[in-house]
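A short worksheet on the structure shown next.
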Amino acid sequence: MIPKAHNICNNCVRYLIQTQVWDLAKRDSNVFKSLSMWQQFFVSKGWNTHAPNILDSPDFLLCIQLPWQKDMMQKHGKSMLFIDSTHNAVSNYFLSDHHKISLYTVMIRCPVLGKGLPVCFAFTASLAKYAA
């Protein structure tokens, strides 16, 4: 006997993840309303957010930080911060004129491992238009 799971290939799993994740992540058909709803959800869970402009604008900004990340940043981020920018990683042309959103990850040096530890994530359009 061969278990049914052996008939499942990587492409099938990848397809299911891509379609299911999109459906679960989308809280509204309007991207900006959906992001605003996510921001409210994060706040209700005790996360720190900064979202002064979740609009179709070159000033688009959404920052997310979990409580433990804030704690680590306050305790261990006084001497050094790293910022990593990720752009053109996905097709996310939801701003006007097909501008993309960039992901910025703020990191500190982990006091235990001595490697980068993410302490905040920021989604912004400010430099995305230059990364195309």
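The model shown is predicted, which means the values in this text are computed figures rather than measured ones. Numbers here simply count residues along the sequence, with the first being 1.
Without hydrogens or angle criteria, Lys70 side chain to Leu66 main chain gives no donor-acceptor distance under 3.5 Å. The backbone N or O of Phe60 sits less than 3.5 Å from a side-chain atom of Thr124, completing a donor-acceptor pair.
Linking Ile, Leu, Val, Met, Phe, Trp and Tyr residues whenever their side-chain heavy atoms come within less than 4.5 Å leaves Met80 and Ile83 in two separate clusters. By the rule that hydrophobic residues join a cluster once side-chain heavy atoms approach within less than 4.5 Å of another member, Trp68 and Leu81 end up as members of one cluster. Cluster membership check: Ile108 shares its hydrophobic cluster with Val106, using side-chain heavy-atom separations under 4.5 Å among Ile, Leu, Val, Met, Phe, Trp and Tyr. When hydrophobic clusters are built by joining Ile, Leu, Val, Met, Phe, Trp and Tyr residues whose side-chain heavy atoms come closer than 4.5 Å, directly or via intermediates, Leu55 is not grouped with Val31. Val43 and Ile54 are not part of a single hydrophobic cluster, where members link through side-chain heavy atoms under 4.5 Å apart.
The shortest non-hydrogen separation linking Cys63 to Ala122 is SG-CB, 3.7 Å. In plain terms, the two heavy atoms of Gln69 and Phe121 that are nearest each other are NE2-CE1, 3.4 Å.
Across His76, Met107, Met72, a single residue satisfies side-chain contact (heavy atoms from CB on, under 4.5 Å) together with Leu117, and that is Met72. Screening Leu62, Ile64, Leu61 against His50 for a side-chain contact (heavy atoms from CB on, under 4.5 Å) leaves a single residue, Leu61.
Note that OG1 of Thr49 is 12.0 Å distant from CG of Leu35, once rounded to the nearest 0.5 Å.
Ring geometry for Phe42 against Trp47 counts as parallel: the plane angle stays under 30°, on a 0 to 90° scale with 60° as the upper cut.
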